[in-house]
Amino acid sequence: MADKVSVVLPDGSKKEYSAGMAISQILRDFNQALAKGALATFLNGRMVDLSEKVQEDSEIKIINFDSEEGKEIFWHSTSHVMAQAVQDLFPGVKLAIGPPIKGGFYYDFDTQKSFEPEDLARIELRMKEIVKQNHPFKRRELAKSEAEEIFRQKGENYKLEILSELEEDRVVLYQHDDFVDLCRGPHVPATGVIKNFKLLSIAGAYWKGSEKNPMLQRIYGISFATKDELDQYLKRMEEMKRRDHRVVGKELELFSISDEVGPGLVLWHPKGAMIRRIIEDFWVEEHQKHGYQLIYTPHVARLHLWERSGHTGFYQEYMYSPMQVEDEHYQLKPMNCPFHILIYKSKLRSYRDLPLKLAELGACYRYERSGVLQGLFRVRGFTMDDAHIFCKREQLEEEVIKLLDFSLSMLKTLSFEKYQIFLSTRPDKSIGEEKNWEKAQDALRLALEKQELEFEVDEGGGAFYGPKIDLKIEDVMGRPHQCTTIQFDFNIPERFDLSFVDSDGNFHRPIMIHRALLGSLERFFGVLIEHYGGAFPLWLSPVQVRVMPITDEQNSYSAEIESRLKEEGFRVERDDRNEKINYKIRKAEKEKIPYMFIVGKKEVQDKNVSVRRHKKGDLGRFDLDEIIQKLKEEVKNKTVQPVAI
RNA sequence: GCCGAUGUAGCUCAACGGUAGAGCAACUGAUUUGUAAUCAGUAGGUUGGAGGUUCGAUUCCUCUCAUCGGCUCCA
């Protein structure tokens, strides 16, 4: 072995060190300040601990908290510290797994005791001690049999199960203080690094995610490199709570879900219904522009229809039980497609009719297990902004491009410009000819590429009846929400024996695309509420202007303004209660009404209004015609105020 | 569905074995007010529902319903 090794340092420079020197030492020599923030390193592209020794000519790159890898390492190490704290405080608790996740980490434990919120504080205290003691994380590679012996002695049967599934002969353990865990690593150098953490919640989780396995107790947590980041995170959590559509929906009287009606069934209150109506009008207008024909279909149909469509087979678990009417069974619809198909089938179709686009805001009912319901995000009765496109195979790609454009422009208007796109391909269990699948998948892929849209491929993630594109929008808080879906269906056209006469005079089977752009109006509304934090842009606001006289001397003038605004097509309210103007302003601000028109003596005299904008404050005095013009522009342009978080 | 937590006035929360209390909202009155809460008064609850323990239950127990956080799944 050479005495000296040549090391390429993070800045690209080269330097010689004696072989066997630890990376941490080399980094300290390289740059004290940078070394301090290092959690681990890439050694020749391989993620390793800082304690790893350099034995050959190498390249070193620092991993710090700012990178994905850094966060994962940091969170993973925090989960080890938490697990130790839990075992210290509650002897006998068994360890399952404790990985880092998107936003933090968790650890699953098996114990008779059920953790309570107060326990989190105790665990945090113990964690603080462990952090203070600054135990180094020690890596140890050993034979699998040795590791098995260690965990057998500790009675860690979940670890033994994991070990038994590993193919390698040698495995890695990490130890800090007296806590040992099976772990590939790397880890932060010592527990002292993890100063800023917070345990967030306790939840049940099945071992390996399967309902057949025992239920474990999971503790979620988060940690950061600096206190600032942790504070910011906690602030963001607060903000998310404040924006929760269930909270805002109640405060602003947008919707409710009543016990007496049933879980997952939404009552749209006047203000929420107003917003929905505006979105629907917009939707209808856009669909007509894009060559769709609007239809209406019933909420129930003979069970037979659902048998023919195949839903009673593959979709039964999500369907409400059928109801009996005059010895016939009827089924509440979980989807709209069979109806649309029957409209397609109502007459002989020619290639000249294609692509035929039938659209409907169709109310569907699906049985969702009680535990999964969540505000407007997950309900049992919802309205799909559904459409079905019947076309020839050659039209596929063009139709998908049109769909993507349509969806993205609509979402842009509703102020969603960030999204993730997924292309899901053929699953193992599926129907249809291979060549159809390939053509359809190619069409989807080509369309995405032509539009220069980035996407991820979810291999085998398609429905059994066809491949699909899913689009998730990202809200201001950076959370993704399932939105647009574009799905091919090779199943239903077969089952209903769909056909059209092509230019060659022969019958052919059309391709069918199911698509929803907003997904469901309920969920989309929930997303919108949180995205805007309840402060809807002017064009969507259920109340756009509130006129507020300062004293009752201005009541008649304010009534004049109110009726003028109404004539101009605005949604107006007047607050002529016997209250101080500050009180009225406070009310209007809390209700997030975009514009407040304040009229006092001066305004009556000069025949104008004082205008106050929600969140911005006083804009000064305006001539009524002038401000009406301004607001009309704002509505017409569907202007969105910056949606700050 | 499963695990855990929660459920008190329209809303936010308090009380805790001795038949519930505040703030806001509502209503009434006074006040006539200039850019985020004027004052006073009135009314409002079989403490989610059912059963049990007890002289007595909002409080303890059982069941049930719903909500919340997850597991899983999806529009």
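Just so it is clear: chains get the letters A, B, ... in the order the sequence lines come, proteins before strands, and each one is counted from 1. Small disclaimer: the values here were computed from a predicted structure and weren't measured.
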Pairs meeting criterion side chain to side chain donor-acceptor pair (under 3.5 Å) with involvement of residues 591-604 of chain A, two or more places apart: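 Non-adjacent pairs meeting side chain to side chain donor-acceptor pair (under 3.5 Å): A:R546-A:E591, A:Y595-A:R613, A:Y595-A:E634, A:E603-A:S610.
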Pairs involving residues 264-277 of chain A, ordered by first then second residue, that meet side chain to side chain donor-acceptor pair (under 3.5 Å) (sequence neighbours left out):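 Only A:S256-A:H269, A:R276-A:E280, A:R276-A:T383 qualify under side chain to side chain donor-acceptor pair (under 3.5 Å).
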When rounded to the nearest Å, what value does the distance between [atom1] atoms of [N] and [M] take?
N	M	atom1	answer
B:rU53	B:rA66	P	27 Å
B:rC3	B:rU64	P	11 Å
B:rA14	B:rG7	P	9 Å
B:rC60	B:rC24	C1'	33 Å
B:rG21	B:rA43	C1'	16 Å
B:rA5	B:rA25	C1'	29 Å
B:rU62	B:rU54	C1'	16 Å

What's the closest nucleotide to the [X] side chain, out of [options]?
X	options	result
A:I550	B:rG34, B:rC74, B:rG1	B:rG34
A:R366	B:rA36, B:rU72, B:rC74	B:rC74
A:R369	B:rG34, B:rA37, B:rU72	B:rU72
A:T551	B:rA36, B:rU35, B:rU32	B:rU32
A:I581	B:rA75, B:rG34, B:rC73	B:rG34
A:K602	B:rG1, B:rG34, B:rC65	B:rG34
A:E211	B:rG1, B:rG34, B:rA37	B:rG1

Check side-chain contact (heavy atoms from CB on, under 4.5 Å) between [X] and all other residues, then give those that pass, not counting sequence neighbours.
X	answer
A:M240	A:R236, A:M477, A:R479
A:L624	A:I561, A:R564, A:F597, A:V609, A:I627, A:I628
A:K402	A:K357, A:E398, A:E399

Look at all strands and tell whether [X] reaches a base, only sugar-phosphate, or nothing, counting heavy atoms closer than 4.0 Å.
X	value
A:Y367	sugar-phosphate
A:D552	base
A:S610	base
A:G617	nothing
A:E579	base
A:F524	nothing

5' priority, RNA chain B, between A:C483 and A:K208 [closest heavy atom]: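 That would be A:K208.
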5′-ward residue of the pair A:I257/A:Q482 relative to RNA chain B: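 Residue closer to the 5' terminus by nearest nucleotide: A:I257.
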Within the sub-3.5 Å range, which N or O atoms of nucleotides 26-29 of chain B have a protein N or O partner, and how far apart are they?
unit_1 : atom_1 : unit_2 : atom_2 : d
B:rA26 : OP1    : A:R577 : NH1    : 3.4

Backbone N/O of A:E286 and side chain of A:H290: donor-acceptor pair under 3.5 Å: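 Indeed, once roles are kept as given, a pair shorter than 3.5 Å links the two residues.
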Where A:I550 and A:G600 come nearest, the two heavy atoms and their spacing: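 Where A:I550 meets A:G600 most closely, the heavy atoms are CD1-CA, 3.9 Å.
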Contact summary for A:V93 and A:E156, nearest pair of heavy atoms: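 Between these two residues, the closest heavy atoms are O-OE2, 4.3 Å.
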[N] OP1/OP2 closer than 4.0 Å to side-chain N/O of [X]:
X	N	result
A:S114	B:rG4	no
A:Q487	B:rA75	yes
A:N582	B:rU35	no

Taking N or O atoms only and anything under 3.5 Å, show me the protein contacts with nucleotides 68-70 of chain B, one pair per line.
unit_1 : atom_1 : unit_2 : atom_2 : d
B:rC68 : OP1    : A:R246 : NH1    : 2.8
B:rG69 : OP1    : A:R246 : NH2    : 2.8
B:rG69 : OP2    : A:R246 : NH1    : 3.3
B:rG69 : N2     : A:G204 : N      : 3.4
B:rG70 : O3'    : A:Y220 : OH     : 3.0
B:rG70 : O2'    : A:G204 : O      : 3.3
B:rG70 : O6     : A:G371 : O      : 3.4
B:rG70 : N3     : A:G204 : O      : 3.3

Nearest whole Å is fine: how far is [N] [atom2] from [X] [atom1]?
X	N	atom1	atom2	value
A:D575	B:rA37	CG	C1'	13 Å
A:R546	B:rA36	CZ	P	16 Å
A:K250	B:rC24	NZ	P	20 Å
A:Q217	B:rC2	CD	C1'	13 Å
A:E368	B:rG1	CD	C1'	12 Å
A:K584	B:rA36	NZ	P	15 Å

Pairing pattern in dot-bracket form [Watson-Crick, G-U; both distances under 3.5 Å; | = partner strand] for RNA chain B: (((((((..((((....[..)))).(((((.......))))).....(((((..]....))))))))))))....
Parallel, tilted or perpendicular, as decided by the 30° and 60° cut-offs, for the rings of A:H311 and A:Y315: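 Correct class here is perpendicular.
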A:F525 and A:F536 aromatic ring geometry - parallel, tilted or perpendicular at 30°/60° bounds: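 Parallel, since the angle between the ring planes stays under 30°.
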Side-chain polar contacts of residues 461-473 of chain A - donor-acceptor pairs under 3.5 angstrom, sequence neighbours left out - could you list them?
unit_1 : atom_1 : unit_2 : atom_2 : d
A:Y465 : OH     : A:Q487 : OE1    : 2.7
A:K468 : NZ     : A:D470 : OD2    : 3.2
A:D470 : OD1    : A:T485 : OG1    : 2.7

So which protein N/O to nucleotides 41-50 of chain B N/O distances come out below 3.5 Å?
none

Residues A:R612, A:E589: salt bridge by 4.0 Å N-O rule: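 Looking at A:E589 together with A:R612, the answer is yes, because their closest N to O distance falls below 4.0 Å.
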Stacked cation flag A:K333 on A:F339, 6.0 angstrom / 45 deg: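 Yes, A:K333 lies over the aromatic ring of A:F339.
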Residues that A:K250 engages under side chain to side chain donor-acceptor pair (under 3.5 Å), provided they are two or more places apart: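 Applying side chain to side chain donor-acceptor pair (under 3.5 Å) to A:K250 gives none.
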Candidate pair A:F622 and A:N608, rule side-chain contact (heavy atoms from CB on, under 4.5 Å), full reasoning: CA-CA 6 Å; A:F622 285 83; A:N608 58 17; over 6 Å; no
Qualifying salt bridge (charged side-chain N to carboxylate O under 4.0 Å, His left out) pairs, either residue in residues 413-427 of chain A, two or more places apart: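 Checked against salt bridge (charged side-chain N to carboxylate O under 4.0 Å, His left out) - neighbours excluded - the pairs reaching residues 413-427 of chain A are A:R426-A:E434.
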